[in-house]
Each structure stands twice: as structure tokens, then as C-alpha cells.
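In what follows, residues are counted from 1 in the order of the sequence shown.
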Amino acid sequence: MAIISQVRNIGISAHIDSGKTTLTERALYYTGKIHKIEEVRGKSGVGATMDSMDLEREKGITIQSAATYCEWKDYIINIIDTPGHVDFTIEVERALRVLDAAILVLCGVSGVQSQSITVDRQMRRYGIPRIAFINKLDRAGADPFRVIKQLREKLAHNAHAITMPIGSEADYKGTIDLTNMKAYYFDGDNGEHVREEEIPAELKDRAETLRHDLIEAISDFDDAIAEKFLEDKPVSTDELRKGIRDATISLQFIPVMMGSAFKNKGVQLLLDGVGHYLPNPTEVSNEAHDQDQEEAKVILESSVDKPLVMLAFKLEDGRYGQLTYMRIYQGKVTKGDTIHNSATGKKVRVSRLVRMHSDQMHEIDSAEAGDIAAIFGVDCASGDTFTDGTLHYTMTSMHVPDAVISLAIWPKEKAGAGNFSKALNRFTREDPTFRVHRDEESAQTIISGMGELHLDIYIERIKREYSCEVQTGQPQVAYRETISRKAEFSYTHKKQTGGSGQYAKIGGYVEPLPDDAVETFEFVDDIKGGAIPREFIPACEKGFREQIKAGSLIGFPVVGVRIVLNDGAAHAVDSSEMAFKICSMAAFKEVYPQGKPIILEPIMKLGCEAPVEFQGGVVGLLNQRRGVILGSQSNDAFVQIEAEVPLSAMFGFSTDLRSGTQGKGEFSMEFLKYAPVPKQISEELVKDYQAKKAAEKK
């Protein structure tokens, strides 16, 4: 077993098409894990090792995060290659939740793009130390120092180069390591032979200047280096590397390395960097909550001698049943052990334990703290915590964003109904952002997800993996309703039948929540002097919560509402929980129109990239779709446009963008906020909803 200080658990994240999978492929080749390099869109049609799904190979994109492990020099590196496309953002979330560090890959030409900002935000959420790797330095227009400037300005990082390129664009030949002041060249057909030389004379001054800047930056975090820097004494390679490591792990510094994965340059130095600068599992703080001590926080120790704690972070339905990916934080798990699910209380026996190499499984007998392994036959949900039964700990799960787009879906043939529901059950278990519900009014099955591509992939997978042809209805945007002003209510519910009747009276007001409120609904109990008995107040809240599930304008949930209950009355015999619940529902129905309700629509943050000559056309396309341009930036041949656009206007945008830019434009979108719908569109939506209801009554 590897010593835990030599283990590195890393993720590779970036904007779509920055070269993550190509980089992972090279890392696997140089570490001897694979013996032939395959390209993401290679002529052989085999596809990169980490893109094991047919759809990934056809489309040339990563859809599912894939795990692998390799050995480099003295280190064991567990790698998770994550998708770049924002529709598969949950794959990045769950990978970062269980990893100790990451490599943020940036394109040397495009620099910091919209999705780079998103993955960086996700890394901050989980406090992940990272190395930035500037890729594609062989391409025309590549400028790593412009990208470092963007890292500082756009992402506010204290980022400094620890390597520099020898040559640029087509003349890119190798890399200089600024920590030991040596030049490295990558010879052989696949760059497998690393040749160490002295730095070329013409680059010596530039390298000295960059090393001086690097030492100055690190001196802020290391007193010994600061002293030497001020006295102008030389700093050794080991001292500098230790300083960079400490500053990186404390999240105050980002070392920037560079190369070209496609041209097989700089990857071996990056693997060295993973060992030198990124933390091992013992250097990262992981928290759990002790359920026996009112969820008190406990810091887990990455030690084999402690009781077992592990987190299920990803589920996959494989050939042999459900495969559950686990990150072991504490203790040890062995084949034949019985483990306890803290969420359900169920016990499970570990019958098979494997290490994953993309879609291949390598059987192992045990896994220890710091490892990532997979277990068969465990019935659980993504985010469940497992222990050995001596502890009752749970770990926080990952952040799951809300779905923004829905489609009605049904099987073409009645015979396919069984497979259809099997597929939906499986996909909802595997992917928390893929949701399925039944619309009672239209009796349709509705699937919801993060974007058009997200749902398209699942529809395609239902056809391929379950041989079930499906049909889909119009994409449905997840609108919301809210009120725009304060309104008071006073309502009495009376019902007299034989025997005891029903009586409840409530009074108070509804008002909009402030824009920065975290919650979407707030209930305030402001009852004085026992006007309503305490035991009936929860029933009032229940009634209001029930009623806000569907507003009266277009039948979508009501958000951003505070309801204050400050008056009421009860009857000694006729009052009950049910009476107060019904009373609250009717009161909300009555007061809602007085609050001047409005419709809200999801607004997306859009990042779009296209050749400069098409800039006007792309801006025109966005303007037609009610887009608000926030800014644009051009570097040589390409322009990057940032905009806010309503989701409802974006269907079919990818087709228009491709045809308007000769197939060279690309874009990514992510949910930003909800905003009021323009009056004209609001009226149309209400009219359609009323017509639909009238048709149903007939």
C-alpha cells in the first residue's frame, strides 16, 4: 500500500475544449498506465481512454466524470477527468467535493473563459488548492502571460509562473522550470524522453526576472525566503518549492505551469508539480457531523487506525449492478466487511472492491484513508455517508443546482414503457440534476435538467441503452411567480355539518422578500397573547407552503414571499389543524391577486466565442433574443462576448450560432438569476394558461 503522504487526489477541470481529456491521456501514457495515445477526436474512432461512453467518443466531449489512478515517480495519483460543458456541472461538483486538489486547465489562446470562471467558483466553494496549467501553447495566438494577467484580473488570484516556454506558437520547443533554472525538451514520437539542458542564453535574463518575481511573491508567505530576498541572497530549489507548496495549500497562491498536451510537451513537469505542490490527504481538513451530538462538527483524520468514514459521491449502473464510487476519509475498508449507511441505517456487506481505470475495473482487497475506490451492490443515494457502525457521522453532500429546463417525454410504443421507466429511475439515481416528475394536470412525464444538451444526451441514452424510442414535447422553461407589493389578509373558515364543524380565523400580511434573501419563502409567527393556540401555527405554515406550490397566474411555484401571521381566532370545539390548514390556503388564494403578482423567468449567464469577423452578427443574434451584452474582449482572431439572456429565448440558439459563424462559434450558459418577464410576454403566458385550463374543464 502507498504511504498516505505520497497519495494525490486531483481533478482536472476547465472550460469546454481546453484539453482536459487530452492532458489526462498524456498523463496516463507517461505513467505507463496506457501504451498508446488515442485522441479525443482521433481518426481511429477509439477515442480517449477517459471517454469510455460511445456518445462521448462521437461528440468529442466528456459527459461523465471518469476516475483513474497512476503512479509517477514516488507518487500515487488518483485522477478524475471532469466534463467542461456547463450542462454537466454536477459531475464537476461531485468530483471537487471529494478531491484534495485540482488542475485548472486554461487555453493559451482563449485564456479565462466563462466556464473557467464557473469551475474556479466551484473550487473556491470546496476550498480546493490548485495548479493552473496553460495548455495549447503551440497554437497561433497563444500567449501564456496574457492568461496569467487574466487569472489575476478576472479571477482575482495571486498567480505566478513557475515555468516559462521556450519559443512560442509553431516554434514552441520546450519549457524552463523557474524553481531549478533548467530547460526541458521532450523528445521521441510522443515526447516521452525528457531532456534536461541549460537555459538558452537569449532567455536567461527573462527567466531570471520571472524567478525574481516568483521569489518576491512567495516571500509574503515564508519568512526565511523573505529574509533572503531582502538581503539579496540566493534561494535554493528545495526552499522555493517548499514555499510554493505551503502557499498553494493555504489557498493564497496559484502556481502556473504551461505546455501543450496535444504536442506532448510539459506534461511530465506538470506531474512533477502535482507531487511537489499539491497536498496529500492528511494536509486537507475534512469535516463530518456527529449525529449523536446534535450535528456537532468533527474533523476527520486521514488515518488507517481510526474508525471508517467514507462518502458515496457517484453512482453508475454497470453490467454487474450498481457501482458506487467512494472516497475513504478515515479508517480502512476490506472485502467482506460490513458497512453502515448513516442516512438509512442499513447494513451492507462489501462483496467486491475495485479501483477504477475509466470503465475498467481492477480488483483490490482493501482501500485506506485517502483512497478512491468503488463498491458493487450497495443500495444508496449519491452523497450518503458510510461508517463501520461505531460512529454515527454524516458528511455534507455536494451543492446541487436547480434545473432550468423541462421537456414532456413519452415512449413511442406502449411496449417500451417498462424500459422507459427503468431508464428514468436509473438516471435520476445517478444524476441529482436530472429530475423526473409527473404533471397531474396533463398526465405527462416531465424531465428537467441543466440545459438542452443535458436532456438531449439522456434522450439519446434511453434510445441506445434501453432500446426505447421516445417522443418529446415542447421544452418548458421553469418560470416562477412572485408578488410585487405588500397586501393584508383576514380570512375566516367556517363549515358547519352535523356534529363538530370546522372553524379557523387568521389575519396578517404578505410581502416580497428582499432580492438578496437566501430562502424563497419565509413564514413569520407574530401571534401575541395566544389568539391562535400554539399547536395550530405549524398547520397554518403547512397550508401556506401547500398553496405556494402553484400560483394562480400560470400555475408555477410562487417564490420570494414572506407571510406574517399576526392575528386570528379559534373555537374551543370546532378548531383543528385541518381547519387552520384549509383557512391558510384559502387566505393566500384570496390575498395573492392584491399583491400584484408577476411572472419571473430564468436569466442565463452566457459566454460566447466566435471569430472577430462575426462579432456584429453574434451581437445581433443575442439582441434578437432579448440578450443584454455585458462586455466583449477580443484577442487577435477571436472575440469573447459575455451576456445575460432569458432562457426562454435561447432554444435553437446553437443552430443559429453555428450557421452564422460558419460552424466556428461556441457558447456556454449557466443559470444566473430570476427576473421579471416583460409585460407583453407575461400577458401571452397568462392567456395560454387560461386557455389550457378552460380546455381541461371541457
* By side-chain hydrogen bond (donor to acceptor under 3.5 Å, both in side chains), which residues pair with D222, not counting sequence neighbours? -> none
* Could you tell me the separation between the CD1 atom of I215 and the CD atom of E239, rounded to the nearest 0.5 Å? => 9.5 Å
* Asked: Taking the side chain from T237 and the backbone from T179, do they hold a donor-acceptor pair closer than 3.5 Å?
  -> yes
* Asked: Do R355 and D371 sit within salt-bridge range, that is, some charged N less than 4.0 Å from a carboxylate O?
  -> yes
* **Atom pair CE (M310) and CD (Q330), whose distance is rounded to the nearest 0.5 Å** => 12.5 Å
* Asked: Given side chains that start at C-beta, do those of E197 and Y185 come closer than 4.5 Å, heavy atoms only?
  -> yes
* To do: Establish, yes or no, whether a centroid distance under 6.0 Å links the rings of H212 and F229.
  => yes
* N280 side chain to Y75 side chain, donor-acceptor N/O pair below 3.5 angstrom -> no
* To do: Classify the side-chain pair S236/D238 by whether it contains a donor and acceptor separated by less than 3.5 Å.
  => no
* Rounded to the nearest 0.5 Å, how far does CG of L104 lie from CD1 of I134? -> 9.5 Å
* Asked: Under 30°, 30 to 60°, or over 60°: which ring-plane class applies to Y69 and H362, parallel, tilted or perpendicular?
  -> perpendicular
* R245/E283 salt bridge by N-O under 4.0 Å criterion -> yes
* How many angstroms lie between atom OG1 of T175 and atom CE of M164, to the nearest 0.5 angstrom? -> 10.0 Å
* **Note, L203 side chain near I166 side chain (heavy atom, < 4.5 Å)** => yes
* To do: Only one of R8, K182, K73 passes salt bridge (Lys or Arg N to Asp or Glu O under 4.0 Å) with D272; say which it is.
  => K73
* Asked: Above 12 or not: heavy atoms from other molecules or residues under 6.0 Å from CD of E202?
  -> yes
* Asked: For the atom pair CD1 (I77) and CH2 (W72), what is the distance rounded to the nearest 0.5 Å?
  -> 8.5 Å
* Row check, Y329 ring normal vs R327 NZ/CZ: under 6.0 Å, within 45° -> yes
* Looking only at atom types and distance, does a side-chain atom of D171 sit under 3.5 Å from a main-chain N or O of S168, one as donor and one as acceptor? -> no
* Asked: Taking atom CZ of R241 and atom CD1 of I218, what is their separation to the nearest 0.5 Å?
  -> 13.0 Å
